[in-house]
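Structure first, then comments.
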Amino acid sequence: MVRLNEIRAGESAVDIALPADATIAFIGRIYTPWADRLTCPRQGRQDGPTCRIQVYQPWVAALDGITEYERLEVLYWLHESRRDLVRQSPRNDGIARGTFSLRTPARPNPIGTQIVKLLRVDGENVFVRGLDCLNGTPLIDLKPDRCAFTPLAPRQPGDDQVGDRSDNFVPSLRS
């Protein structure tokens, strides 16, 4: 069962003082049926409840053209998540794994991402199914689903590159 902020057997945390080396501007707010982490689903479902994404001004104009896509990728800030766990035991069985091998919300930069089904857009509001975050979660960004998106800009040389090229910098693993 999900708990709030305990450290389970096998888990470990670090003391952190996170540097302010980046800034994220929240561009909206997400409204879902879930008021706390204990009832929020671990993964969104395409047949889940309708959720509303409110986009703030001046970003509403950026929604132009979004209805051309059936699915969107939503990026959001998991504002109630721990940021200090480096090893976690998701099964609460004492066996821990590295945070980066899990899709846990507890991570150094708690950015959530979910592919959702777009239902409709009404002004500043985007209605979707498939979210897995708390009511009031800050919105970072919206993008067309990367699997269904074809770039609109002209192709450039790197678009067709495959494998490693000798003239590109590839860091050596040897010292």
Which pair of heavy atoms, one from W34 and one from C133, lies closest together, and at what distance? CE3-O, 3.3 Å
Per-pair distances, 0.1 Å, donor-acceptor, side chain in residues 95-103, under 3.5 Å, sequence neighbours excluded:
unit_1, atom_1, unit_2, atom_2, d
R97, NE, S101, OG, 3.3
T99, OG1, L85, O, 2.8
T99, OG1, V86, O, 3.4
T99, OG1, Q88, NE2, 2.9
S101, OG, G98, O, 2.7
R103, NH2, T113, O, 3.4

Test applied, side chain to side chain contact (heavy atoms under 4.5 Å, CB included); reference residue, L72; option that passes from D145, V126, I53: V126
Over all heavy atoms of both residues, which pair between A35 and L134 is shortest? Give the atoms and the distance, please. C-CD2, 4.2 Å
Is there a path of hydrophobic side-chain contacts, each under 4.5 Å between heavy atoms of I, L, V, M, F, W or Y residues, that connects I30 with Y69? yes
Any side-chain to backbone donor/acceptor pair from D36 onto L38? Under 3.5 Å, distance only. yes
If every non-hydrogen atom of Q114 is compared with every non-hydrogen atom of G130, which pair is closest and at what distance? CG-O, 3.0 Å
Minimum heavy-atom distance L131-P41, with the two atoms named: O-CG, 4.3 Å
Given 3.5 Å as the limit, does a donor-acceptor pair link the side chain of R71 with the main chain of I115, or not? no
May I ask you to decide if S89's main-chain N or O and R8's side chain share a donor-acceptor pair within less than 3.5 Å? yes
Closer than 3.5 angstrom, by distance alone: can the side chain of R129 be matched with the main-chain N or O of G48 as a donor-acceptor pair? yes
When every non-hydrogen atom of L118 is compared with those of T67, the smallest separation belongs to CD2-CA, 3.8 Å
In this structure, would V60 and V128 fall into the same cluster of hydrophobic residues linked by side-chain contacts under 4.5 Å? yes
Could you check whether any side-chain heavy atom of I140 comes within less than 4.5 Å of a side-chain heavy atom of I27, counting everything from C-beta outward? no
Kindly compute the distance separating CZ (F26) from NE2 (H79), expressed to the nearest 0.5 Å. 9.0 Å
Mind checking whether N109 and I24 have side chains closer than 4.5 Å, heavy atoms only? no
With a cut-off of 6.0 Å (strictly less than), are more than 12 heavy atoms of other residues, nucleotides or ligands near CH2 of W59? no
Under a single-linkage definition using a 4.5 Å side-chain heavy-atom cutoff for Ile, Leu, Val, Met, Phe, Trp and Tyr, are V74 and I66 assigned to the same hydrophobic cluster? yes
From CA spacing to verdict: side-chain contact (heavy atoms from CB on, under 4.5 Å), T137, W77: CA-CA 7 Å; T137 295; W77 190 258; 5.6 Å; no
Of N125, T32, D122, N135, the one forming a side chain to side chain donor-acceptor pair (under 3.5 Å) with R52 is N125
What verdict does the side-chain contact (heavy atoms from CB on, under 4.5 Å) test give for R107 and R83, after you've listed the backbone C-alpha separation in whole Å, the side-chain angles of each residue and the deciding distance to 0.1 Å? CA-CA 5 Å; R107 39 196 340 104; R83 298 180 70 180; over 6 Å; no
How long is the span from the SG atom in C40 to the CD atom in E80, to the nearest 0.5 Å? 10.0 Å
Check whether V121 and V116 end up in the same hydrophobic cluster, where Ile, Leu, Val, Met, Phe, Trp and Tyr are linked by side-chain heavy atoms less than 4.5 Å apart. yes
D93, CG: over 12 other non-hydrogen atoms inside 6.0 angstrom: yes
Between R146 and E73, is there a salt bridge with N-O shorter than 4.0 Å? yes
By side-chain contact (heavy atoms from CB on, under 4.5 Å), L78 pairs with (sequence neighbours left out) Y76, S81, P105, P110
Show your working on side-chain contact (heavy atoms from CB on, under 4.5 Å) between Y31 and Q54 and close with a plain yes or no. CA-CA 8 Å; Y31 298 96; Q54 177 191 20; 3.3 Å; yes
